[in-house]
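When a ligand or atom number is given, it counts from 1 through the structure's own listing order. What you see is a predicted model, and the numbers here were worked out from it, not measured in a lab. Residues: numbered from 1 along the sequence shown.
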Amino acid sequence: MRSDYEAVIGLEVHAELKTATKIFCACPTSFGAPPNTHCCPVCLGLPGTLPVLNRRAVELAVIAGLALDCEIAALSRTDRKQYFYPDLPKGYQISQAETSICRNGHLTVTAEDGAARCVGIERIHIEEDAGKLVHEGNETLVDCNRCGVPLIEIVSRPDLRGGAEATAYLKALREILLACGVSDCRMQEGSLRCDVNISVRRSGEETFGVRTEIKNINSFAFVEKAIAYETARQIGVIENGGAVVAETRRYDEARGETVRMRVKETAEDYRYLAEPDMLPIRLTDSDIARLRAQIPELPSARAERLEREYGMTAENARILVSELGMADYFEAGAKRTQYPKLLVNLLLSELLRHCEADPFVSPIRSEALAELADLLGERTVNSATGKKLLSRMLTEDISPRKVAYDEGLTQITDAETIGAWVDATLTELPRAVEDYRSGKSAAIKSLQGRVMAMSRGRADPIICEQLLLEKLKSGDKTI
Ligand code: ADP
Ligand code: MG
Ligand code: ZN
């Protein structure tokens, strides 16, 4: 991006709430059912039906608001947002326009320059999702299973200044919603979606430029790409003497471009009216206090604590809190080992690629992994044996300590035993000895390999190397 311009970005994030049933009826919200099997007269908007508000949807919205430091409205109302689209059988969506259940929150993320940036949350409101259009050949089919699935829309202030920052904000938001059980945040299933609002201005300018809105981006990578493209496009328009038009665009993944969809709709287009079928939503202080108590330790606080308590890197702590259940798994194991740093390494560099993500499921019990960390930390087994044990643990529920002892895999640290193998190796491989003594220090690797092989992988590699070096440097020509 040209350094004399600055991008100004605000995000609208839609998250489907993790309720069992829809927001105004008892139809299930589960994803992936055959089309139009999770529908009833209420969510299809048939005449004569009335919405009944799902208590849990309201609670989850409040929990999200509290986790994002919002003020919670003691009283908020719902409004009809009217528009015509085939995936909206009612012809309107029940949303909140005039009042929102949560306001004025914030979320701090790491900015592009490494500093902390506090991103304002303008509001969070509740609404119902629309259905889905499925394109098949020349036909477009309507699936209403998603009609009436509860959503929150989280609207940020235009406080973000670049693509990396925007994705950092989205990731932090996702971690919070996951940790609080508000949403399962599956971008690939559409339960977390993001609209990007973006404008550019010359550096140092006070007023904002005209914004465009890029609708429904469904991956972090596309958010960043769409922002890069749209920033450059708007700068190009201005540099060529044109003016940016307020419009709704979409990101074309195949072309890597944003494409114009329509002129931006305004509040008048939606003909908002107060929803006549709904009572206001009232929340007492004790309701709010009870919900505040349901909020677990938040991911950023937890990452800081993990770093402090277990002496791990900030990077590793961030990874542990990024997936639901992974930090819990780690901490369950960490309680049982003297070597939590080894446990983090085993988990992140060896085990993670064999685990399921979203939510995190490990093929190895945390107790068993902790036992392996102990074996390595105590130097009961060496790291090569540790790897072998771990690969067995992936498919068999074994106690690594028992197997190590039963099958004679424990590390040999006795200097006399290893010394005998070292002597035998030096006699057996005179070429390597020559090479080492004439300055090719890499030759020690093949000597070491031979000693390890003689021990059937059980020698302590550190003692093995020490003894080799001693004997090689002693210049003892008898060997
Ligand atoms: P709308 O319904 O028109 O999309 P919202 O209030 O729901 O309006 O959302 C507006 C979003 O656009 C917010 O996230 C806000 O931060 C962002 N925004 C507002 N003005 C600008 C601007 N000039 N440049 C970039 N983003 C902006
Ligand atoms: Mg918008
Ligand atoms: Zn229904």
Q | Identity of the nearest option to atom 24 (N) of ligand 1, non-hydrogen atoms only, from G209, S199, G10, S156 | A | S199
Q. Do E323 and R174 sit within salt-bridge range, that is, some charged N less than 4.0 Å from a carboxylate O?
A. yes
Q: Give the atoms of ligand 1, by number and element, whose distance to some non-hydrogen atom of V8 is under 4.0 Å.
A: 24 (N), 25 (C)
**Q.** NZ/NE/NH1/NH2 to OD/OE distance under 4.0 Å, E127 and K81
**A.** no
Q | Reference residue L372; test side chain to side chain contact (heavy atoms under 4.5 Å, CB included); the match among L389, I364, L343 | A | L389
Q) What atoms of ligand 1 come closer than 4.0 angstrom to any heavy atom of L11? A) 14 (O)
Q. Which of these, E122, R157, R211, has its nearest heavy atom closest to atom 10 (C) of ligand 1?
A. R211
Q) Going by an N to O cut-off under 4.0 Å, is there a salt bridge joining D195 and K215? A) yes
Q) Can we say D129 and R193 salt-bridge, meaning some charged N sits less than 4.0 Å from an Asp/Glu carboxylate O? A) yes
Q) Looking at V155, which atoms of ligand 1 are within less than 4.0 Å of one of its heavy atoms? A) 9 (O), 13 (C), 14 (O)
**Q.** Ring geometry between F222 and Y251 (parallel below 30°, tilted from 30 to 60°, perpendicular above 60°)
**A.** tilted
Q. Side chain, backbone, both or neither: which part of R123 comes within less than 4.0 Å of ligand 1 when only heavy atoms are counted?
A. side chain
Q) Is R146 salt-bridged to E189, cutoff N-O under 4.0 Å? A) no
Q | salt bridge (charged side-chain N to carboxylate O under 4.0 Å, His left out) partners of residues 25-42, not counting sequence neighbours, each pair once | A | none
Q: Give the total of protein N/O/S atoms at a distance below 2.8 Å from the Zn ion (ligand 3).
A: 4
Q | E315 and R318 ion-paired at < 4.0 Å | A | no
